[in-house]
Every structure is written in structure tokens, then in C-alpha cells.
Colleague: 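Questions regarding the structure given below will be posed in turn.
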Amino acid sequence: TKLILLDSLLQEMASRKVLTLVLLRKDGQVLLGMKKRGFGKGKWNGFGGKVEQGETILEAAAREVSEECGLVVKTEDFHETGTILFEFKGDPVLLEVHVFQSSKFEGSPVETDEMRPQWFKEEEVPFSEMWKDDELWFPLMLQKKKFDAFFLFEGHEKILEQKIDVL
């Protein structure tokens, strides 16, 4: 039985990708990046990506911010905002996204191969050019409320199921 339990645990881990998403804020603005390639191309989003083997979730968040827009955020300056579980119909891999925000960072945003950063006023976030779920949880993030959420997508534009719990 121990072997069966271990096997099912490994299968569960293999079917879940752990990712980070960081929203940087200052003076009533939020920094978003226009995704230039890969998953989410053509959408405004925060900065983040896959947690690599051997790094913590916070280390991954800091690395991704640096790689995608050139800013430096110390791991202790991230505030955990939420966790979002994404399921895409027909795809067995779930995306477990750890959402952070910070208003402490060093440097100036620069365009990279992957992202074109731009500051937006919090009341002018371009939801029509973002993932459909963003407008549902972004207000919680802006109010610094912690949340857990689940979204089931069909394709990249249609939400079939959703659940948001404010913690």
C-alpha cells in the first residue's frame, strides 16, 4: 500500500506545474508586461513563470521578474496575495500559480525577448487584453486581500467554472 500511495502522489505532482505571478505596484499604478511569445502571447500579464528544480517559490518569483523586465525584487519584499489553480479542459496538467505583489524593487523596467513592460493606473488596467480570470481576482489583489481561486478554462478565452475564496 505504501508503494501505491507514493505512486499516486508522484502522479499528482507530475500533473501539476507550480508557477509564480508577480504584480509590481507604485503610486497607484501596476506594472504589466505584454507577452511577446509562448503561452499567453498577446496578453498583458504580471511577471512570472515556472519554479525550477532546486529553487523556492519566492526565488523563482524574483528570478522571473529579473528575467522578464529587468527589475530586482528581494524575496523578503514579496507579499503573498493568492494561489490560483487553473485547469484547461482536455489538459491533464493543472497550473498552480502563486500570486505575489511588491512595491519594493530596484532598477527600471526594460523590454525583454518575452515581455514589454508598461505601467497602468490601477483604475485603467486593460482587462479586455488580459486573461479572462484577471478581472475577477485583480480587485482583491489591489485591495491587498488574500485569496484562493480555481478556474476551469475551455481554450484560452472561456471560463467554464470558477471559485474564489477570500482568506
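This chain uses plain numbering: 1 for the first residue, then up along the sequence. Heavy atoms only: backbone and side chains are in, while hydrogens, waters and symmetry mates are out.
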Colleague: Report yes if the side chains of Leu23 and Leu32 come closer than 4.5 Å at any heavy-atom pair, otherwise no.
Modeller: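 With C-beta onward as the side chain, the pair touches.
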Colleague: Taking the side chain as C-beta and beyond, is there a heavy-atom pair between Gln101 and Met141 under 4.5 Å?
Modeller: yes
Colleague: Is Lys36 atom NZ crowded by more than 12 heavy atoms from other residues, nucleotides or ligands, each under 6.0 Å away?
Modeller: yes
Colleague: Would you check if Val125 and Val30 make a side-chain contact, meaning some heavy-atom pair closer than 4.5 Å?
Modeller: yes
Colleague: Establish whether Phe78 and Leu21 are linked, either directly or via other cluster members, by ILVMFWY side-chain heavy-atom contacts under 4.5 Å.
Modeller: no
Colleague: Hydrophobic clusters here meaning ILVMFWY residues chained together by side-chain heavy-atom distances under 4.5 Å, can you tell me if Met115 and Val110 are in one?
Modeller: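 No, no single cluster joins them.
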Colleague: Give the ring-plane orientation class for Phe138 versus Phe127, where under 30° counts as parallel, over 60° as perpendicular and anything between as tilted.
Modeller: perpendicular
Colleague: Kindly indicate whether the side chain of Leu95, heavy atoms from C-beta on, has any atom under 4.5 Å from the side chain of Leu85.
Modeller: no
Colleague: Under a 4.5 Å cut-off applied to non-hydrogen side-chain atoms, are Leu160 and Lys89 in contact?
Modeller: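 They are in contact (side-chain heavy atoms under 4.5 Å apart), so the answer is yes.
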Colleague: Specify whether Phe86 and Phe153 have parallel, tilted or perpendicular ring planes, treating 30° as the upper limit for parallel and 60° as the lower limit for perpendicular.
Modeller: tilted
Colleague: Go through the side-chain N and O atoms of Glu64 and Thr20 and say whether any donor and acceptor fall under 3.5 Å apart.
Modeller: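 No, no side-chain donor-acceptor contact under 3.5 Å.
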Colleague: Taking Lys163 first and then Asp165, would you say they form a salt bridge - that is, a charged N and a carboxylate O separated by under 4.0 Å?
Modeller: yes
Colleague: Compute the ring centroids of Trp44 and Phe120, then answer whether they are less than 6.0 Å apart.
Modeller: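 Yes, close enough.
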Colleague: Of Glu129, Glu68, Glu114, which is the lone residue that meets salt bridge (Lys or Arg N to Asp or Glu O under 4.0 Å) with Lys35?
Modeller: Glu114
Colleague: Going only through I, L, V, M, F, W and Y residues with side-chain contacts under 4.5 Å, is there a path from Ile57 to Phe47?
Modeller: yes
Colleague: Relative to the ring of Phe88, is the ring of His156 parallel (under 30°), tilted (30 to 60°) or perpendicular (over 60°)?
Modeller: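 Rings of His156 and Phe88: perpendicular, over 60°.
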Colleague: Run the side-chain contact (heavy atoms from CB on, under 4.5 Å) check on Glu106 and Lys74 step by step: do they pass?
Modeller: CA-CA 9 Å; Glu106 294 172 21; Lys74 295 178 182 154; 4.0 Å; yes
Colleague: Would Ile84 and Phe39 show up in the same hydrophobic cluster when neighbours are defined by side-chain heavy atoms closer than 4.5 Å?
Modeller: yes
Colleague: How about Thr83 and Val97: do any of their side-chain heavy atoms sit closer than 4.5 Å?
Modeller: no
Colleague: Please give me the minimum heavy-atom distance between Phe150 and Glu87, naming the atom from each residue.
Modeller: CZ-OE1, 3.6 Å
Colleague: So that I can tick it off, tell me whether Glu67 and Arg63 are bridged by a salt bridge, with the cut-off set at under 4.0 angstrom between side-chain N and carboxylate O.
Modeller: yes
Colleague: Closer than 4.0 angstrom, basic N to acidic O: yes or no for Lys17 and Glu96?
Modeller: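 Looking at Lys17 and Glu96, the cut-off is not met.
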Colleague: Is the shortest side-chain heavy-atom distance between Glu111 and Met34 below 4.5 Å?
Modeller: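 Glu111 vs Met34: side chains apart.
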Colleague: Check whether any side-chain heavy atom of Val65 lies under 4.5 Å from a side-chain heavy atom of Leu24, and answer yes or no.
Modeller: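 SC-SC contact between Val65 and Leu24 confirmed.
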Colleague: Out of curiosity, does Val51 fall in the hydrophobic cluster containing Phe100 (side-chain heavy atoms, cut-off under 4.5 Å, transitive links)?
Modeller: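 Yes; tracing contacts between hydrophobic side chains, which count when under 4.5 Å, links both residues.
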